[in-house]
Novice: 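Shown below is the structure under consideration.
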2 protein chains.
Amino acid sequence: MNKIENRAWTSDTVAADLERAIHEHRLPPGTKLGEDELGEAYGISRTLVRAALLALSHRHLVELKRNRGAFVAQPSALEAREVFEARALLEPRTARSAAVRMTEADLAVLTANIEEEHAALDGGDNGRALLLSGQFHLEIARIANQATIANFISELIARSSLIIALYWRRRAALCETQAHHALLDAFTRQDGDAAEELMKNHLLDLVASLDLRNVIQPPASLREALKR
Amino acid sequence: MNKIENRAWTSDTVAADLERAIHEHRLPPGTKLGEDELGEAYGISRTLVRAALLALSHRHLVELKRNRGAFVAQPSALEAREVFEARALLEPRTARSAAVRMTEADLAVLTANIEEEHAALDGGDNGRALLLSGQFHLEIARIANQATIANFISELIARSSLIIALYWRRRAALCETQAHHALLDAFTRQDGDAAEELMKNHLLDLVASLDLRNVIQPPASLREALKR
DNA sequence: TGGGACAGAATTGCATACAAATTTGTGTAA
DNA sequence: TTACACAAATTTGTATGCAATTCTGTCCCA
């Protein structure tokens with residue numbers, strides 16, 4: 001594998017780089033993440049790679065199978081529902097808090113984000129659009145000034161990206177930008193009630209855009225899956 | 001340091017053992033966790049110790065200072081408030097879900113927990129009582145059947161133990177068992193409304209029992225702290 | 001032709017060795 | 001005596017080596 005870049009990688013920056021790649025669907029669910037391969041790619045030893053993979057496994061983005069290696073996680077339909085239930089518990093109230101604390105600078109950041117996402121979609125870069133969409137949600141948590149909750153939301157958003165990769169039904173285009181625009185309006189008016197309600201519905205729409213009935217469940221073991 | 005026990009430790013079990021010790025206040029905030037020391041205590045190499053410390057740092061129970069080592073975390077007053085705000089967001093609704101799903105077996109587990117906690121308090125083992133109190137909250141999340149949310153709550157509970165170690169004002173005895181009994185009653189009646197309300201108030205009482213005004217803040221650097 | 005056993009290759013698990021940074025201790029000069 | 005500089009010791013950061021496990025390919029036999 002090619003060397004990625006000549007910079008001083010640490011386990012933290014490697015983990016962040018991998019998380020970004022996962023979030024952008026450049027590393028789809030189930031991808032094997034070999035230690036030697038990654039070590040060579042980043043120009044570091046397996047020690048640091050393992051630390052990075054361990055960190056990602058704690059965020060449920062990577063699954064470590066003993067003596068088998070690390071794989072990009074494949075959330076089950078059950079897990080997918082749980083992730084969105086957790087988001088439904090955290091994000092609407094966080095959006096409300098953010099709304100009442102909103103400053104001009106914050107609005108500018110969110111606006112820029114939406115525009116970038118639009119550009120990415122026009123350019124056909126769906127991965128980048130998805131990453132930006134996640135960053136929109138994360139930025140709201142940051143504005144709400146709740147680092148602890150923001151951490152949880154950050155993990156949930158990244159896991160949502162895996163869920164979308166696995167369960168999104170392509171019917172309609174992700175009309176996320178619509179919902180984000182509506183939220184931005186509420187934020188501009190510092191309307192907490194509206195922000196909370198919009199976020200709640202936005203998350204419900206997201207779940208509705210998934211197909212969690214067909215329990216594609218575990219490609220876990222090919223041996224089991226292909227029996228018969 | 002003495003060897004702790006002759007069993008096959010892994011990074012996971014070591015992390016769990018350390019977390020328990022932290023939760024029980026056997027390892028108070030600020031304690032230095034030297035790699036060699038721990039490695040000898042558990043009879044394992046520094047490699048596994050580092051993996052365990054890394055896991056605990058991801059749960060915000062241990063702070064890793066580069067080139068300085070690992071220390072039991074010392075949450076700031078700000079962080080303390082955030083942790084309880086997060087709990088206030090997650091636990092009341094989770095208690096409601098648990099109430100409606102409650103089975104006889106679940107009730108038995110919760111009852112046994114309360115009794116054990118009582119026994120621990122009588123025996124003067126405050127650490128164990130605190131651990132059991134946390135497990136009561138965690139068990140509720142488990143009963144609610146939301147593994148993802150339960151994970152978050154598990155982390156928040158452990159961090160709360162650190163917060164109590166740092167900020168609890170000893171005035172009155174922790175009248176937690178009172179509140180837990182009341183919750184148990186609501187659960188017995190499968191009364192979701194009451195459970196949610198009781199949990200909300202229980203958490204408010206907990207915060208009220210802390211002294212977060214005196215920002216004891218950072219013994220972070222002795223050099224800075226002892227100036228003048 | 002298909003199944004199973006076995007051997008070699010590849011990969012992970014863990015310990016250890018060495019490098020780098022920090023802390024601690026000592027000596028010297030003002 | 002105090003402050004500073006420098007050296008020794010301790011501790012962490014990272015790479016590497018070896019053992020253990022799993023995977024893959026081949027051969028033999030039914």
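Chain A is the first sequence line, chain B the second, and so forth, proteins listed ahead of strands; every chain is numbered from 1.
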Novice: When the distance from CG of A/L64 to P of C/dT11 is rounded to whole Å, what number comes out?
Specialist: 17 Å
Novice: Among C/dC14, D/dT14, C/dT22, find the nucleotide with the atom closest to the side chain of A/R66.
Specialist: C/dC14
Novice: Less than 4.5 Å apart, side chain to side chain, heavy atoms only: is that true for A/N145 and A/R101?
Specialist: yes
Novice: At under 4.0 Å between heavy atoms, what does B/R46 touch on the DNA or RNA strands: base, sugar-phosphate, or nothing?
Specialist: base
Novice: Between C/dG13, C/dT16, D/dT14, spot the one nearest the side chain of B/R50, thanks.
Specialist: D/dT14
Novice: Can you tell which of B/H137, B/R87, B/E91 makes a side-chain hydrogen bond (donor to acceptor under 3.5 Å, both in side chains) with B/H202?
Specialist: B/H137
Novice: Kindly point out which of D/dA15, D/dG13, C/dA15 is positioned nearest to the side chain of A/T47?
Specialist: D/dA15
Novice: Do A/V83 and A/S160 touch side chain to side chain, with heavy atoms closer than 4.5 Å?
Specialist: yes
Novice: If you check the B/S45 side chain, which of C/dT12, C/dT16, D/dT16 turns out closest?
Specialist: C/dT16
Novice: Kindly determine whether A/T103 and A/D106 satisfy side-chain hydrogen bond (donor to acceptor under 3.5 Å, both in side chains), including the steps that lead there.
Specialist: CA-CA 5 Å; A/T103 67; A/D106 296 329; 3.0 Å; yes
Novice: Atom OH of A/Y42 and atom P of D/dA15: how far apart are they, to the nearest Å?
Specialist: 15 Å
Novice: Is any side-chain N or O of B/K65 closer than 4.0 Å to OP1 or OP2 of D/dT11?
Specialist: no
Novice: Take atom NE2 of A/H118 as the centre, draw a 6.0 Å sphere, and report whether it contains more than 12 heavy atoms from other residues, nucleotides or ligands.
Specialist: no
Novice: Atom CD of A/E40 and atom C1' of C/dA10: how far apart are they, to the nearest Å?
Specialist: 14 Å
Novice: Could you give the CH2-to-C1' distance, from B/W9 to C/dA15, as a whole number of Å?
Specialist: 19 Å
Novice: For B/L53 and D/dT12, give me the distance from atom CG to atom C1', rounded to whole Å.
Specialist: 11 Å
Novice: Closer to the 5' end of DNA chain D via nearest nucleotide, is it A/N67 or B/D36?
Specialist: B/D36
Novice: Report yes if a side-chain nitrogen or oxygen of B/R68 is closer than 4.0 Å to either non-bridging phosphate oxygen (OP1 or OP2) of C/dT23; otherwise report no.
Specialist: yes
Novice: What is the distance, to the nearest angstrom, from the CD atom on B/E35 to the C1' atom on C/dA21?
Specialist: 13 Å
